[in-house]
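Just so it is clear: chains get the letters A, B, ... in the order the sequence lines come, proteins before strands, and each one is counted from 1.
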Number of protein chains: 2
Amino acid sequence: MRKSKRTRLKAAGWVVGSVKEFLGLSEADTALIEMKLALSQSLRDRRKKQGLSQVQLAERLQSSQSRVAKIEAGDPSVSMDLLVSSLLILGASSADLAKTIRGGEKRKGPHAA
Amino acid sequence: MRKSKRTRLKAAGWVVGSVKEFLGLSEADTALIEMKLALSQSLRDRRKKQGLSQVQLAERLQSSQSRVAKIEAGDPSVSMDLLVSSLLILGASSADLAKTIRGGEKRKGPHAA
DNA sequence: TGACGCCATGTCAGATATGACATATGATCC
DNA sequence: GGATCATATGTCATATCTGACATGGCGTCA
């Protein structure tokens with residue numbers, strides 16, 4: 001994704017589904033954003049399932065509460081690397097991540113991780 | 001992953017499989033690296049399958065040949081975001097990415113290596 | 001031999017992400 | 001009300017990533 005788009009995205013708070021062609025996003029752009037949103041949701045679910053607060057998770061990640069909040073909020077300032085490694089630290093397997101990433105698109109069994 | 005580790009990793013050129021505990025990598029660290037390597041391999045395969053040179057791919061990605069080389073080489077300086085968006089631009093679907101990410105680890109069908 | 005195409009590797013300025021901090025909101029309890 | 005906890009949001013210095021450029025290796029062809 002190019003910087004110009006990312007900038008507009010940041011300005012708009014990237015509301016994906018709704019403002020797709022409004023921002024002139026490519027298929028690749030939206031796909032990436034959707035993957036990230038799915039991952040952030042997954043992280044929040046995992047954290048809650050483990051009964052952790054954002055502060056506690058931040059400790060495990062060796063980060064800060066504010067960053068955890070941004071991760072879960074799908075903030076554009078959060079990289080995929082951070083999302084994925086956070087999930088891994090919370091115990092997600094590659095298969096779990098794969099399921100999450102595949103997203104809504106043709107999922108098999110009941111819902112995902 | 002922490003910076004200290006990334007630094008050592010960079011220094012070592014991150015040879016994953018072999019120097020795992022030598023660098024004191026956690027499970028999450030190695031899992032992330034393996035995912036990235038799988039993605040970079042996948043990118044190279046896709047590019048070749050489409051008969052593109054690194055220069056041509058760089059044009060599509062609006063990047064440079066050297067970065068494409070680093071992406072495919074699994075260089076530590078390449079983020080997951082770049083890997084994924086590159087693959088998406090080459091036409092990979094979320095499902096394709098999911099398959100790649102799931103990696104060797106317990107794939108269904110006939111047994112994998 | 002030289003010229004050319006393809007890929008690898010090093011470097012660097014500028015762009016982006018990160019952790020940390022401050023601060024704000026809302027909920028709950030006393 | 002006040003205190004406490006969980007979460008959100010803004011800012012900022014520093015760390016990291018990115019594209020671009022230079023250069024070198026390697027094979028091929030004339």
**Q** Over how many whole Å does the gap from B:M80 atom CE to C:dA17 atom P extend?
**A** 16 Å

**Q** For B:L32 and D:dT16, what is the distance between atoms CG and P respectively, to the nearest whole Å?
**A** 15 Å

**Q** To the nearest Å, give me how far apart CG (A:D75) and C1' (C:dT16) are.
**A** 12 Å

**Q** Would you say the side-chain atoms of A:S42 and A:D45 include a donor-acceptor pair closer than 3.5 Å?
**A** no

**Q** Between A:Q54 and A:E72, do the side chains contain an N or O donor and an N or O acceptor separated by less than 3.5 Å?
**A** yes

**Q** Could you give the distance from CZ (B:R47) to CD1 (B:I71), rounded to the nearest 0.5 Å?
**A** 10.5 Å

**Q** Atom CZ of A:R60 to atom P of C:dG19: distance rounded to whole Å?
**A** 17 Å

**Q** Measure from the side-chain N and O atoms of B:K48 to the backbone N and O of B:S53, and report whether any donor-acceptor pair falls under 3.5 Å.
**A** no

**Q** Measure the distance from CG on B:L82 to P on C:dA15 and round it to the nearest whole Å.
**A** 17 Å

**Q** Taking NZ, NE, NH1 and NH2 as the nitrogens, is one of them in A:R67 or A:D75 under 4.0 Å from a carboxylate oxygen of the other?
**A** no

**Q** Restricting to nitrogen or oxygen on both sides, can you table the protein-nucleotides 24-29 of chain D pairs closer than 3.5 Å?
**A**
none

**Q** Across nucleotides 5-10 of chain D, 5' to 3', mark each nucleotide with B, S or - according to how protein heavy atoms within less than 4.0 Å reach it.
**A** --BBBB

**Q** Does B:S63 make a side-chain N or O approach to OP1 or OP2 of D:dG19 shorter than 4.0 Å?
**A** yes

**Q** Test B:D81 against every option in A:V78, A:D81, A:L82 by the side chain to side chain contact (heavy atoms under 4.5 Å, CB included) rule and name the one that passes.
**A** A:D81

**Q** For a quick test of reading the model, state the closest non-hydrogen atom pair linking A:G51 to A:Q56 and the distance between them.
**A** O-OE1, 3.8 Å

**Q** Taking atom C1' of C:dG19 as reference, at what distance in whole Å does atom CD of A:Q62 sit?
**A** 11 Å

**Q** Supply the atom-to-atom distance B:M35 CE to A:S94 OG, rounded to the nearest 0.5 angstrom.
**A** 6.5 Å

**Q** If the cut-off is 4.0 Å, is A:S79 near the phosphate of C:dT18, judged by side-chain N/O to OP1 or OP2?
**A** yes

**Q** Between atom CG of A:L37 and atom CG of A:L32, what is the distance when rounded to the nearest 0.5 Å?
**A** 9.5 Å

**Q** Take atom CG of A:L57 and atom P of C:dA20, then tell me their distance rounded to the nearest Å.
**A** 13 Å

